[in-house]
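Input: a single structure, listed below in structure tokens.
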Amino acid sequence: MEYDFRAIEKNWQKKWTETNAYKVSNESPKPKFYVLDMFPYPSGAGLHVGHPLGYIASDIYARYKRLKGFNVLHPMGYDSFGLPAEQYALETGQHPAVTTEKNIATFRSQLDKIGFSFDWSREVRTSDPKYYKWTQWIFLQLFESWYNPATGKAEPLATLKKMFEEDGTQTAGIRHQVSFTAPEWKTFSENRKLEILMDYRLAFSSFGEVNWCEALGTVLANDEVVNGVSERGGHPVVKKKMRQWYLRITVYADRLLEGLERVEFSESLKEQQRNWIGKSQGAEISFNLTPGPSPKETGASGSVDSRLAINASGLMSHHSPLTVYTTRPDTIFGVDFMVIAPEHELVQQITTPDQKEAIDNYLTYVKSRSDRERMAEVKQITGCFTGAYAINPFDGREIPVWIAEYVLAGYGTGAIMGVPCGDQRDYSFAKHFNIPITNIIGDHFDGQVANPTKDALLTNSGFLNGMPMRDAIDVVITKLVEMGIGKRQVNYKMRDAGFSRQRYWGEPFPIVWNGGEAFPVDEKDLPLELPHVEKYGPGPQGEGPLANLIDWVTSAPTPLHGVAGGALRETSTMPGYAGSSWYFLRYMDPQNDETFCGRKVSDYWNQVDVYVGGTEHAVGHLLYSRMWTKVLFDLGHIGYDEPYKRLVNQGMITGKSYFFLLENEVVFSYKKQDDTASLKRFKYGHNYVDNLGKLTRKMFDKYNAEHPGAADGFSIQWLRDGEGEYIYLKEESEKMSKSKFNVDNPNDLVDKYGADTFRMYEMFLGPVEASKPWDTKGIEGVHRFLKKLWRLFYDDMKGKVWNTDAATADELKILHRAIRKIEDDTERFSFNTAVSTFMICVNELTDAKCHKKEVLDQILVLLTPYAPHIAAELWHLLGHEGSVLDASYPVFNAKHVTESAKEYPVSINGRVRTSISIALDITQPEVEAIVLANDIVQKWLEGKAPKKIIYVKNKMVNVVV
RNA sequence: ACCCGGGUGGUGGAAUUGGUAGACACGCAGGACUUAAAAUCCUGUUCGCAGUAAUGCGAGUGACGGUUCAACUCCGUUCCUGGGUACCA
């Protein structure tokens with residue numbers, strides 16, 4: 001009887017489907033365990049070999065935990081809203097729902113072949129109205145909540161209204177954008193009140209600059225824009241003002257940072273999130289500006305704005321002060337210039353008549369520059385003097401105020417103080433414009449390169465002279481606060497997240513506009529279903545396709561909020577990350593029509609214990625879903641505020657591509673130093689070329705036979721060695737993609753070798769976390785292993801070979817060593833070494849001619865997570881009644897692997913740590929040396945045996961005691 | 001430029017807390033079985049030198065230096081490479 005993997009796998013997959021073997025109950029006396037994969041976007045290209053890597057890893061872990069006696073939740077679904085389906089619809093007219101359905105069917109059939117243990121009864125699809133009903137519901141929770149800094153959490157808007165009614169904006173500890181008293185609040189119109197409340201909602205609408213992509217006709221998130229072009233398609237992206245929805249994620253910045261301390265993510269991923277949030281501590285400092293020319297003097301050239309400002313303020317100074325943000329207030333005596341953003345509101349006010357023309361020219365120049373250019377030429381120094389001066393509050397020095405595009409309006413106060421001796425950018429700026437540089441750090445500044453040290457003692461710094469910079473920071477802030485011209489300030493790089501897209505294939509907002517205000521759709525009217533459209537092109541003025549459906553837009557009932565006017569539906573849709581921000585909760589309770597996820601159920605399943613997915617979602621999806629979880633927690637809907645306890649990042653599998661070096665239609669052998677300008681892709685070449693990029697004439701002829709016409713259009717200049725003709729090709733690792741001909745479809749490999757081999761091979765390839773090139777050359781070895789395993793049970797010639805004899809001590813040692821190692825490796829997600837251990841174990845059993853059921857039984861259970869089909873088949877053939885899926889995991893018993901004292905390798909040499917090692921010069925043969933070393937150490941340790949003895953090659957014996 | 005990873009045979013990769021580097025697999029070479037092929041099995045395989053051989057000697061984890069009885073592992077400098085961020089004050 002031979003290993004007929006095709007029949008075996010088909011049979012067991014059918015059986016497991018029929019018996020609902022993977023169905024998981026929410027009621028169980030067992031401890032729970034939640035293993036989650038990042039669900040895929042069902043693209044038209046189907047699954048490639050890179051996809052299943054993470055799924056196989058999580059499947060092994062889920063199956064392992066199940067054998068260990070846990071009730072394991074291991075679901076799968078689809079992130080089925082998204083741009084590609086819509087673009088495809090634009091091109092072909094096919095409805096996204098139809099193509100999505102089709103793609104999902106393809107994905108599903110591919111996934112099923114690999115034999116995953118997903119509980120498909122819990123499948124979710126973000127584009128299913130039954131699912132997005134709750135996405136919309138959660139959006140409404142965000143819309144109807146605010147973040148209370150006093151309590152540090154989200155609260156229903158009612159608590160804010162109550163506060164306004166009782167105290168206005170006077171409550172301590174909360175900063176407000178506008179101030180009013182309780183009586184004033186009561187006099188405000190409904191519209192005014194709603195406008196004020198909008199500034200607090202966690203999901204809010206506002207006019208903002210957004211990344212507008214003309215070609216795609218939509219607005220993109222920051223992380224969807226790469227180098228000024230759209231991530232998809234590479235179309236140019238420009239800034240445009242539009243009414244948009246946002247999530248007020250910035251109020252969660254501190255909690256998002258703090259939460260990282262409580263989760264097991266890789267250090268690099270935590271670092272990425274920290275950088276994205278970009279918290280910095282510093283101070284805001286206000287500088288008075290020198291009185292510029294009075295309105296009388298400036299006459300007609302004085303700007304209207306500036307005169308209005310003066311009249312309104314009625315102060316001696318003509319201008320409001322200039323407020324800058326700095327992380328280094330200690331360097332205040334080193335300030336040689338100020339720079340404000342070109343968009344800064346003070347620019348028009350403070351520019352002197354002399355400089356007006358220059359400034360206007362500069363502003364025109366800035367406007368003419370696209371984001372793309374600004375990105376491309378970051379090193380270019382530009383700027384323009386405004387003619388105004390700021391006064392250093394400590395020494396009264398006049399500091400010139402410039403504008404420059406390198407200062408961003410959106411960060412801090414949009415203005416900085418330039419300290420050339422301490423900041424390289426400031427130094428370059430000063431040098432470029434010949435601004436004299438003040439040195440406040442003595443020898444630490446060489447006049448050539450700025451030195452951002454905090455350790456120098458301050459010089460030229462008035463009352464700070466001689467003080468270490470580190471200490472001066474606090475001293476200066478305290479002083480500024482006393483003088484009333486500064487305060488401690490924390491800033492974040494992270495911005496509120498744009499939450500609307502002018503697109504069709506996404507969740508419609510449950511929002512109705514009336515009299516310029518946004519009103520929520522009544523909960524009982526959810527889901528607000530996505531209406532059918534005929535055309536997918538954008539609506540008027542960059543609105544989404546939904547804006548073309550006049551009937552739908554006006555179909556909203558006029559909300560009874562006392563606001564007059566017709567009601568119009570919001571026509572943008574939610575971004576891709578809306579549905580994926582909470583899907584891990586829906587898997588727990590996918591059929592629930594009453595709520596997004598029953599509280600009892602979410603309490604039972606609790607956090608995701610292990611979450612497996614790629615790093616590409618490090619700052620997008622992972623941050624948003626963490627925020628949503630915190631909001632749901634704050635509002636009391638779930639019992640924990642971090643969604644994922646442990647995150648495992650799977651590395652990308654890259655495809656190898658090969659190129660011909662082409663010159664005038666002749667191909668030459670590639671050498672490292674060759675210019676790569678004229679290369680021709682060798683289609684499908686990865687299957688024909690050896691590891692060094694060597695292509696033999698023989699393989700090339702085979703290729704030509706298999707792909708007629710693929711090699712037309714050039715001839716080859718063959719080299720020749722003893723074995724025949726060959727050339728070298730240029731080799732590159734690239735992300736897998738259909739267009740690069742470097743993709744392998746998992747189906748092909750599963751058909752050829754079986755799912756079990758495929759699963760084990762993907763794991764054997766290397767650590768789950770590492771990126772690695774795809775290469776099928778080693779798959780034979782894994783397949784051989786399974787066949788060898790099979791032969792421990794059945795021999796092609798002799799038939800059944802397993803027996804029920806009692807295992808020997810040596811055999812139990814082989815078994816228990818494997819149990820220990822494989823359990824360890826599985827727990828650490830070190831699946832590649834686990835597969836190796838299986839191979840070693842089977843080799844050892846083969847060598848020992850061990851065919852004993854007692855041992856083989858346990859090997860099969862160990863193997864079940866990795867190769868479930870063959871394990872189930874052999875388990876069945878051994879005569880077991882129940883399913884191996886529910887067997888219990890072997891228990892490691894140290895007794896079986898305890899090594900005798902003799903086997904202990906050696907150890908000596910004076911040295912005190914937790915353990916001591918002793919090196920001993922040996923002239924005797926090895927065995928005697930070990931005995932001698934042992935004796936010496938025993939005597940020395942007063943009879944205790946050394947812990948470990950290691951024989952070392954250079955005539956030395958090391959003894960660990 | 002900054003912040004994270006990573007550099008180990010012909011290849012993918014092992015080495016869990018510093019303790020005989022190269023497990024396991026691929027590839028390659030040789031052999032067994034076979035009319036032949038496939039399949040399977042066995043032997044060898046880090047490099048250099050010596051030897052018919054068993055084996056011996058020397059070098060060796062990107063490079064240089066340090067700590068240690070002992071370093072792929074820890075520290076310093078440097079080079080290369082993958083990823084992330086990008087004028088964030």
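Heavy-atom basis, side chains included; hydrogens, waters and symmetry copies ignored. Just so we're on the same page: letters track the sequence lines, and every chain starts at 1.
Annotated stems with RNA chain B as a participant read B:1-7 with B:79-85, B:10-12 with B:24-26, B:27-32 with B:40-45, B:46-50 with B:55-59, B:62-66 with B:74-78, given as range with range, by first number; only runs of 3 or more Watson-Crick or G-U pairs under 3.5 Å qualify.
Within 4.0 Å (heavy atoms only), A:R784 reaches sugar-phosphate atoms of the nucleic acid but no base atom. Heavy atoms of A:S280 sit under 4.0 angstrom from primed sugar atoms or phosphate atoms, though from no base atom. Using a 4.0 Å heavy-atom cutoff across all strands shown, A:N832 reaches sugar-phosphate atoms only and no base atom.
Residue pairs meeting the side chain to side chain donor-acceptor pair (under 3.5 Å) criterion with at least one member in residues 332-342 of chain A, sequence neighbours excluded: A:D336-A:R397, A:D336-A:T438.
For the C1' atom pair drawn from B:G18 and B:U85, the interatomic distance equals 35 Å after rounding to whole Å. Between the P atoms of B:C64 and B:G9, the separation comes to 15 Å (whole Å). Taking atom C1' in both B:U81 and B:U43, one finds a spacing of 38 Å when rounded to whole Å. Rounded to whole Å, the separation between the P atoms of B:U73 and B:A21 comes to 13 Å. Only the P atoms considered, B:U67 is 28 Å distant from B:C57, to the nearest whole Å. Using C1' as the reference atom, B:U61 and B:A15 are 11 Å apart when rounded to the nearest Å. When the C1' atom is used for both B:G13 and B:U46, the distance is 15 Å, rounded to whole Å.
A:K821 and A:D825 are joined by a salt bridge, as a carboxylate oxygen and a charged side-chain nitrogen come within less than 4.0 angstrom of each other. Between A:R828 and A:E769 there is no salt bridge, since no side-chain N of the basic residue sits under 4.0 Å from a carboxylate O of the acidic one.
Ring pair A:H621/A:H617 is perpendicular by interplanar angle, where above 60° counts as perpendicular and below 30° as parallel.
Under the side chain to side chain donor-acceptor pair (under 3.5 Å) criterion, A:R470 pairs with A:D455, sequence neighbours left out. For the side chain to side chain contact (heavy atoms under 4.5 Å, CB included) test, residues two or more places apart in sequence or in another chain that qualify with A:F5 are A:Y3, A:E9, A:H783.
At a non-hydrogen distance threshold of 4.0 Å, A:T326, A:T327 from residues 326-334 of chain A come into contact with RNA chain B. Less than 4.0 Å separates RNA chain B from at least one heavy atom of each of the following residues of residues 833-847 of chain A: A:T833, A:S836, A:M839, A:I840, A:N843.
Looking at A:R328, its side chain does come within 3.5 Å of a backbone N or O of A:P452 through a donor-acceptor pair. The backbone N or O of A:T250 sits less than 3.5 Å from a side-chain atom of A:D496, completing a donor-acceptor pair.
With values rounded to the nearest 0.5 angstrom, A:W790 atom CH2 is found 12.0 Å from A:D795 atom CG.
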